[in-house]
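Structure first, then comments.
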Number of protein chains: 2
Amino acid sequence: MAVTLTDVAARAGVSPATVSRVLNGNYPVADATRRRVEKAVRDLDYVVNAHARALLHATSGLVGVILNDIADPFFGAIARGIQATAAEMRRLVVLCSSSADSSSEFAYIEVLRRQRAEVVILVGAAPEDAAYRREMAGHVRGLRAQGARLVLCGRPAPNPHTAAASVSFDDLGGARALASHVVSLGHSAVAYVAGPEGRTTGTQRRLVFAKALSECGVSLDPALVVAGDFSRQSGVDAVRRLLASGASFTAVCCANDLMALGAMAALREAGLRVPEDVSVTGVDDVPSAQDVTPGLTTVRLPLEEAGRRSLALAFSGHDFGSPVVLPTELVVRSSVVAPSAASARRKLA
Amino acid sequence: MAVTLTDVAARAGVSPATVSRVLNGNYPVADATRRRVEKAVRDLDYVVNAHARALLHATSGLVGVILNDIADPFFGAIARGIQATAAEMRRLVVLCSSSADSSSEFAYIEVLRRQRAEVVILVGAAPEDAAYRREMAGHVRGLRAQGARLVLCGRPAPNPHTAAASVSFDDLGGARALASHVVSLGHSAVAYVAGPEGRTTGTQRRLVFAKALSECGVSLDPALVVAGDFSRQSGVDAVRRLLASGASFTAVCCANDLMALGAMAALREAGLRVPEDVSVTGVDDVPSAQDVTPGLTTVRLPLEEAGRRSLALAFSGHDFGSPVVLPTELVVRSSVVAPSAASARRKLA
DNA sequence: CTGTTAGCGCATTCAG
DNA sequence: CTGAATGCGCTAACAG
């Protein structure tokens, strides 16, 4: 069915080896021969078989990326960075959406091992339980045994001596800037919409937020903490629950922007104004954070850069040096204002 | 370096052929033997080499997707649909972002041919010029010659007898619903922020919009048409130009949501209120359309479904039957209201 | 400069 | 039920 190198050789009246040499260009070939081969390639519309090649080289040059959901702007931005860098390096990206399901995550790793991927990048939150970590550690060993490079982007290593490069964000720095902004404006009853429990990003963001808040002299009241799953809808649900509980608060800080968007919608649905009655914050700085009204005050994560750096690290040779921690930045828009006397009163009513 | 099937055979004390049969399970193997082999596989942490397999089968089972920008929610939603269906079919998705550049698009097609992709899905706008069409037609032939199935998602075929499945949207239906909504509210001076000229989606959406508008008795004034490139920023720029030109209008209809978001920002920056002074509409119904204030009135495209259908079509056997046209739907939110006398006056001032 | 040979890892004949 | 042999398409020695 498909045209092979041998077909080209026959047509050009040379040996397969010569065709190979012309194609790869790293070997001296007479000009006339070269031209004849090139013509045959065009005539036959020949395209090399990457699999035959990969069989010889023991690696395919594929870059595998495993993430939760490609339609989520957080992952989309990281994927764009990876993709852009991969294109520069003439590498192909294999994207796998695991839907945050660890068994399909493992299944994808297996597939990438089958494909003899050169680099595997694991992006975003991972489960925290020991069983997961143990299984992942095994897969990591398998990947390494095949010579694949592993990069952890926005997630911790499954265990301390994992052989992997790592790119993450200065979450604590961002949380501190955010907490100090909110607290200095006068908020002390602040609610928190957390990410999913039992997954690294959710836990990590909650911990740094609580810490940053307490450094500002405000402690995070457990009764004011509700969890979502990072989706917009879960932000809506979380705030509804918060409101139904009768708790009183003047600000809602969310573990990511999508939930903050949902939180704003739920607040308004309950007849509350943002920011006059309740202030709202997010984390990530996804594009829509600037389009909502009021503009969402959030912590900007250099997502695209994280993607670029992840791949660069994989190809840098000194892969497993110190982890890269990217700086974060507070982005002040209009969703946080000082709590008004009116709002305080309303809350108490 | 890597463990091979032969290693497993040696360890289990059987022939390579037997290991292969155990692995593929389509052949009778004695229970005891099977167990020994399975143990050896586990002990050695053996993973088949997909390339060796692809070499035998002449296809890799890879699904290649070429799109403009994975971080754009339009493409993100389609990619999610493709990815979900691919996972069900136990296929791997290779995602390629071409940045709307035709030479890198062709380069990716070549790479996918090298990989002996089973299915190639081309998503979104394509250039309209004859040179592009001719070159693409050649690549299509090459793909076919290798037995790859081609799907066009949201773009027309390069020529009438292209052997490809096709999934698209009922653009005209959506435009009609939208135009009639806008016109029936009383708008007659409507501006249009078009997509890029010379690319199919931009042209197509502009044509159907103009047609739908004229069916409602309003003609699209060329002086009120400005073009962007589907990005948010280009929507901002387009509306600034419109405003600077001194043109007068009571509604701005945009070729997609992202530009509509930019348009709203630019309008507000100029001190105009949306929708009181100027109504705004989009197309796509991306997630942020519901989060802006006012909510964006738009035409919903079943993006994720388009992705699912594209892949389903590729595997359905009767690939090249009639093109699938997915229905679109007007989503009325709050960004369109009747033009007020005040706004009309302001425009004339 | 070019042809011949061998083998990458696997699945599939064909024989036992 | 199992083993030996063959070849998928290509490149890297090794000879000429």
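Sequence lines set the chain letters: A, B, ... in the order given, protein chains first and strands last, and positions in each chain run from 1.
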Regarding B:Glu128 and B:Arg199, does a basic nitrogen lie under 4.0 Å from an acidic carboxylate oxygen? no
salt_bridge(B:Asp31, B:Arg36) N-O dist < 4.0 Å: no
Can you check whether A:Thr33 has a side-chain N or O nearer than 4.0 Å to OP1 or OP2 of C:dT2? yes
Salt bridge present between B:Glu38 and B:Arg42 (N-O < 4.0 angstrom): no
Can you tell me how far P of C:dA6 sits from CG of A:Leu55, to the nearest Å? 18 Å
So which atom in A:Arg155 and which in A:Ala125 form the shortest heavy-atom distance, rounded to 0.1 Å? NH2-O, 3.4 Å
Go through D:dG9, D:dT2, C:dT2 for me and flag the one nearest to the A:Val29 side chain. C:dT2
Around atom CZ of A:Arg309, are there more than 12 heavy atoms of other residues, nucleotides or ligands at under 6.0 Å? no
Any A:Ser15 side-chain nitrogen or oxygen under 4.0 Å from OP1 or OP2 of C:dG3: yes
In the 5'-to-3' direction, what one-character label does each nucleotide of nucleotides 11-16 of chain D receive under the scheme B = base within less than 4.0 Å of a protein heavy atom, S = sugar-phosphate only, - = no such atom? SBB---
So which heavy atom on B:Leu150 is nearest to which on B:Ala163, and how close? CB-O, 4.3 Å
Presence of A:Thr18 side-chain N/O under 4.0 Å of C:dT2 phosphate oxygens OP1/OP2: no
Inter-axis angle, terminal five-pair segments of the helix from C:dC1-D:dG16 to C:dG16-D:dC1 [nearest 10°]: 40°
If you assign each of A:Gly13 and B:Ala52 to its closest nucleotide in DNA chain C, which residue comes earlier from the 5' end? A:Gly13
